[in-house]
Amino acid sequence: MVKVNSNYLKLQAGYLFPEIARRVNSFKQASPNADLIRLGIGDVTEPLPPACREAMKAAIDEMGTTEGFRGYGPEQGYIWLREAIAKEEFQKRGCEVDPDEIFISDGSKCDSSNILDILDIENRIAVTDPVYPVYVDSNVMSGRTGPAGDLGRYGGLLYLPIGAENSFQATIPDQKVDLIYLCFPNNPTGAVANKEQLQNWVNYAKRNEALILFDAAYEAFIQDKALPHSIYEIEGARDCAIEFRSFSKNAGFTGIRCAYTVIPKDLVGQSVDGKVDLWSLWNRRQSTKFNGVSYVVQRGAEAAYSSEGKAQISTLVNFYMENASIIRRDLSAAGLTVYGGEHAPYVWIKTPKDFDSWDFFDYLLKNANVVGTPGSGFGAAGEGYFRLSAFNSRENVVKAMNRISSL
Ligand code: MLT
């Protein structure tokens, strides 16, 4: 009989969001008329920016002509998109990133999991707690952890707790790890890191010859000009960091799918035969296992950098950030303690009274018909917290806040 990957059996319950969907579906069956407002999963709700839409329409028409038709594209992505990204996202901020170091993909979730393909199974790994569950689960699935213990923490991973007591900034480990996942602006807490804090991580990584996997999927939501958007704004980061970026949340591409990963050519790792550059390994991996993102979608992503596209995206980002500030304002007025939501589309709430995270989830679902995300779903140290996403219509956000405020 075929043998399965038994590492999957170590995974706790379901992946968080399907588990929420399961609970919501059973609630809907019991209360079919409930007017549910979903502030759980961070999925965008507002229409695509017209500039991106027009570019995709034009690209599909082009594909309908003999001259404009295209088959397989480059696995790394079309050079015109990589050039636009290098210039607009990095070089304009003074970061040294070459178009060739950018790999276009269909999502940061996939890239941040797939990157493990090129990294040895013996690496010692650090994650924050709470954390975006994909980082942990992909390590579990690939056999890099032991089974889960009492708190749901997996053996072999180093968990770095983040909470109100340390302003949601993990303490730099006093032991050596090889791989560190960092996400800023942070999902789920909405916290941000300043340059000095990131410099401390880069210094640690360089001292310990570690690799930082830096998830910057929410960088567009940063409001303070002094805060770094990219790890490459930090001195030395090219020697120790890979960065993940996405068009999902800023340009509303969660249903379109386009993201990218930056692997500087300076980045090296240790192989059994000596040092190798990670860029070549990832290039090899992508060329073998991935056929690239569609031409049409890449044209849509490119249009995000036209002057109309930039203005439309900025309007979208501002819209969601106004939602976040309404959530912060109304929940604070209702007596709740709130964090995040100032440079990120997530508000991280201390659960009131004796509610644990799932109790509060069930309470809001039942009494306000509002769906959020229990903090404990992001890790043991997320217990006692609850996440609300700012991705929804203004009407729904206002309605949800009124309902919660009147409980
Ligand atoms: C979330 O709600 O945390 C996000 O939707 C996760 C993701 O982008 O995959």
Side-chain angles (χ1 to χ4, degrees), residues 11-24 36-46 105-116 127-139 141 162 168 181-192 213-221 243-261 293 301 316-317 320-321 323-324 327 339-341 343-349 357-358 361 364-365 370-379 381-382 385-392 396-397 400:
L11 291 165
Q12 304 282 288
Y15 177 58
L16 175 61
F17 294 105
E19 171 60 19
I20 289 172
R22 195 188 62 73
R23 290 194 186 213
V24 170
L36 278 183
I37 300 176
R38 294 168 192 274
L39 304 178
I41 189 162
D43 194 5
V44 291
T45 55
E46 301 309 295
S105 77
D106 59 348
S108 288
K109 177 167 158 180
C110 333
D111 283 358
S112 64
S113 316
N114 291 335
I115 198 73
L116 292 175
V127 290
T128 62
D129 179 4
V131 70
Y132 179 42
V134 171
Y135 312 151
V136 171
D137 286 5
S138 57
N139 275 290
M141 289 170 171
I162 50 175
F168 304 97
Y181 289 83
L182 294 180
C183 174
F184 288 112
N186 187 253
N187 179 14
T189 66
V192 275
L213 295 178
F214 190 76
D215 185 346
Y218 298 94
E219 58 74 35
F221 296 87
E243 182 163 309
F244 304 105
R245 291 277 192 108
S246 173
F247 291 95
S248 282
K249 312 290 160 108
N250 58 345
F253 270 39
T254 55
I256 301 284
R257 311 306 309 151
C258 196
Y260 53 96
T261 288
V293 175
L316 269 180
V317 165
Y320 291 127
M321 289 311 291
N323 281 350
I327 297 174
Y339 304 95
H343 305 284
Y346 296 123
V347 180
W348 189 242
I349 301 150
S357 298
W358 277 110
F361 173 89
L364 286 190
L365 180 60
V370 171
V371 181
T373 310
S376 56
F378 297 99
Y385 290 95
F386 193 76
R387 192 191 77 175
L388 286 181
S389 149
F391 292 117
N392 214 311
N396 275 347
V397 166

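Numbers here are sequence positions counted from 1. Read the numbers this way: they start at 1 and go in the same order the structure lists the ligands and their atoms.
Counting atoms of ligand 1 from 1 in the listed order, those under 4.0 Å from a heavy atom of Arg387 are 1 (C), 2 (O), 3 (O). Interface of Ile41 with ligand 1, defined as ligand atoms under 4.0 Å from a residue heavy atom, comprises 2 (O), 5 (O). Residue-ligand proximity, Lys249 to ligand 1, at heavy-atom distances under 4.0 Å covers atoms 4 (C), 5 (O), 7 (C), 8 (O). Here is the list of ligand 1 atoms found below 4.0 Å of a heavy atom in Gly42: 1 (C), 2 (O), 4 (C), 5 (O). The ligand atoms of ligand 1 that sit less than 4.0 angstrom from a heavy atom of Tyr346 are 1 (C), 2 (O), 3 (O), 4 (C).
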Quiz item: Hey, mind stepping through Thr45 and Tyr320 against side-chain contact (heavy atoms from CB on, under 4.5 Å) and telling me if it holds?
Solution: CA-CA 10 Å; Thr45 55; Tyr320 291 127; 3.8 Å; yes
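Using a 4.0 angstrom heavy-atom cutoff, Asn187 counts as in contact with ligand 1.
Cation-pi contact between Arg387 and Tyr346: present, with separation from the ring centre below 6.0 Å and deviation from the ring axis of at most 45°.
Ring to ring, Tyr385 and Phe378 are not that close: their centroids are 6.0 angstrom or more apart.
A donor-acceptor distance shorter than 3.5 angstrom exists from the side chain of Asn139 to the backbone of Tyr135, with no hydrogens or angles considered.
Contact annotation: the side chain of Glu243 never approaches that of Tyr260 to less than 4.5 Å [non-hydrogen atoms, C-beta and beyond].
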